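Here's the structure we're looking at; comments come further down.
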Amino acid sequence: MSGLDVEDLSVVYAGTPPVTAVDTVSLTVARGEIVALLGPSGCGKSSLLAAVVGTVPLASGAVRWDGEDVTATPVHQRGFGMVFQDGQLFPHRSVARNVAFGLEMARVPRDERRSRVADMLELVGLEGFGDRAVTELSGGQCQRVALARSLAPGPRLLALDEPLSALDAELRGRLAVDVREILLASGTTAVVVTHDPDEAEVMASRVLRMEDGQLV
Amino acid sequence: MGTARAHHGLGWWALAAVPLAFLGLFFLWPLATILARGLFDGGFDAAGVLEVVTSPRTADAVVTTVTLATLGTLGSLALGVPAAYALYRLRWRGQGAVRAISAVPFVLPTIVVGAAFTALFGRSGLLGGLGLDQTWVAIVLALVFYNVIVVTRVVGGAWAALDPAQADAARTLGADRWAALRHVTLPALAPAVGSAGAVVFLFCATSFGVVLVLGGTRVNTLETEIYLQVNQFLDLRAAAVLAIAQMALVGVALAASAWARRRRDRTLALRRVDGTRPATRRDLAVVVPVLALLGLLLAAPLYALVERSLRTGDGHGLDHYIALFGEPARTVLPVTVAAAIANSLVTATIAAVVATGLGLIVASLLTRRSRRSAVLDAVVMLPLGVSAVIVGLGMLLTLNRSVLGVDLRGSWWLVPMAQAGVALPLVVRTLVPSARAIPAPMRAAASTLGASPWAVWRQVDWPLLRRPFGLSLGFAFAIALGEFGATTFLARPDRPTLPTAIYRLLGRPGIENVGMAFAASVVLAAMTAGIMMTAERMRTTVGGDL
């Protein structure tokens, strides 16, 4: 099958007793689809997302892309991008150099990099912000930069972990629409984790509900 | 996934092997050798141990060590607590400069402090008429000079964060200013006072250079007795037994300090408020005498040192400084002082690079808290709890031979290795908080953008650690430059470092030699203070990055 295929995935955190955050979850996401994972905090949705991307180890199960097993592929070679809850922009790099990071890692030539960064900043509505320090940005601007940074290297799948939850309510509503349009415009396959049903409806074409480590 | 994680574990230990091998070779093995040498002679040698332990010289050294450290601690508290009030509880203009100046003695090498008090109390010194040369009084004053800032900083920090409403409440209940201070404020500060006292006691019990220079032949602590046993009586066995006694003493002080610190952390965690207030006219009665006393204690020895370094047979001049470049009498030093300075700079550079390199590896490994990282942390901190004299003695006993076919006898590079071991704990403590302040998701963000683990370190960790790295490089360099306890056992006579050269010059008769010692001390003090000030500049923006 084409796209993402998660089979019987479990995440267990060490401890006494060990905590099963994700319990044998299976799901598929077709190419170009935007799926929301909706659930209360602590239900395991962020752990599931992190396991798919590869920042958290799996206890069991498999992650496949276009039928190819990527479970043992290290994060940086998986080609899955991620937007973190609080942006996680690099404080020692300007806006443009944050967006360029993934392109630098992929050894994209400088000129191509520059034009791609400009395109990405335009896509998220931050033309001309390239030389700013990330510490000067507002919360909404930070998340736009984080989105541009994740999209720049052209990930096969974009994971968004509560991308808007650090923002105030009014801004959240507006940005949710923007994010959906940006994802559609770039044709990106995406999984969005959120605890807000309205946000899930706005951003995603399909909503999956999660409770106690399982899809319901 | 299982194999991937096992791989990760192997990688961690492979990297940890570097600092562990260093500490094993230059610290743990020498320490084990001391224990074996001290306790065993064929089999367990109770009689031999008893002979050293019960000798009157040993008893005298133990009593002297404990008494001097106690007096030094009490003196530091007596001056440091009022100074904490004047410098941290109260606010006034120019306070920042006074705080900065009062921190100067703490960064001076022990040999410089010893030289400065010799310049003050020595026979032809500024206060030579008092007859305090080679007495306990001179040593205790030097210990207070060195450590009062520790008390001021620690207690001052607690005092500035103490809720003044507590004392106000006592006042409304009928307590006068002194009663409020005695029954409310001081008890609240007790954990901080205890914590500072324990640390100062530790420093006093390991201030080898100060006691060796100021005590002469009359006052001997465990450390100077170890030195004498090695260098005068050539009794390595007795030195090893004394070293074990010194370790036990320091162990007790460390345990007390850890206990006091836990208590202080608990009290401070309660609530943080701004407990400072502007100074008023009434405060002058406290502030003026405290600052005058502090100023006198800090200024007099340093003034005496500079004055003596400039004093010549007929007035004042730069003769002694010029003599640093000249060939000294053969019986005094085999090389010029300038050559010793060059040697010190090379040695300290190597030591600083080794210590910060190892420190960077350790900080990277300690970023994520786990059981294994706690073990590594504890091992790396060990040199902090052992007197540098013992590190030097241990390396002398262990490495003064050929190891794996490499002849180590008198190898000059043992000196920078010892200095690196002494500096390592401070380097690690400077780097680890910065490394831990980098959020884990930020590294994960870099990974999801295609950065390999090495690229994550280079692109995320390193840019954020660069400044603390510079700070710790400066610290390590300054520590190595002034290191005396371990170096004095390991430096070859024909390759003295600046501190060992100063010690030799101080011990030789003749105004020329002593004058050169003072001039060299001023040079060493200026170099150390300069480096520390440059390094401290790096600190101002640390954390501002995050």
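Order of the sequence lines fixes the chain letters, A, B, ..., with proteins taken first and strands second; residue numbering starts at 1 for each chain. All values derive from a computational prediction rather than experimental measurement.
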Point to revise | CA sep, side-chain torsions, deciding dist, call: A:Met105, B:Gln459, side chain to side chain contact (heavy atoms under 4.5 Å, CB included) | key: CA-CA 10 Å; A:Met105 292 300 115; B:Gln459 299 286 348; 3.6 Å; yes
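- Contacts between A:Pro153 and chain B at a heavy-atom distance below 4.5 Å involve the side chain alone, from C-beta outward.
- Nearest approach of A:Thr55 to B:Ala444, heavy atoms of both residues: CG2-CB, 3.7 Å.
- Within the 3.5 Å criterion, the main-chain N or O of B:Ala446 finds no donor-acceptor partner in the side chain of A:His76.
- Listed options B:Ala440, B:Ala445, B:Pro453, B:Pro441 were ranked by heavy-atom pairs under 4.5 angstrom with chain A; first place goes to B:Pro441.
- A:Leu89 touches chain B through its backbone: at least one of N, CA, C or O sits under 4.5 Å from a heavy atom, while the side chain does not.
- Summarising the local packing, CZ of A:Arg113 is surrounded by more than 12 heavy atoms from other residues, nucleotides or ligands at distances under 6.0 Å.
- With a 4.5 angstrom heavy-atom cutoff, A:Phe84 touches chain B only via side-chain atoms.
- For the pair B:Met442 and A:Pro91, the minimum side-chain heavy-atom distance is below 4.5 Å.
- The minimum heavy-atom distance linking A:Ser150 with B:Leu449 is given by the pair CA-CD2, 3.9 Å.
- Considering only heavy-atom pairs separated by less than 4.5 Å from chain B, the leading option among A:Val75, A:Asp161, A:Val83, A:Leu103 is A:Val75.
- With a 4.5 angstrom heavy-atom cutoff, A:Arg149 touches chain B via backbone and side-chain atoms both.
- Residue pairs that meet the side chain to side chain donor-acceptor pair (under 3.5 Å) test with at least one member in residues 444-458 of chain B, sequence neighbours left out, are B:Ser364-B:Trp457.
- Environment of CE in B:Met381: crowded, with over 12 heavy atoms of neighbouring residues, nucleotides or ligands closer than 6.0 Å.
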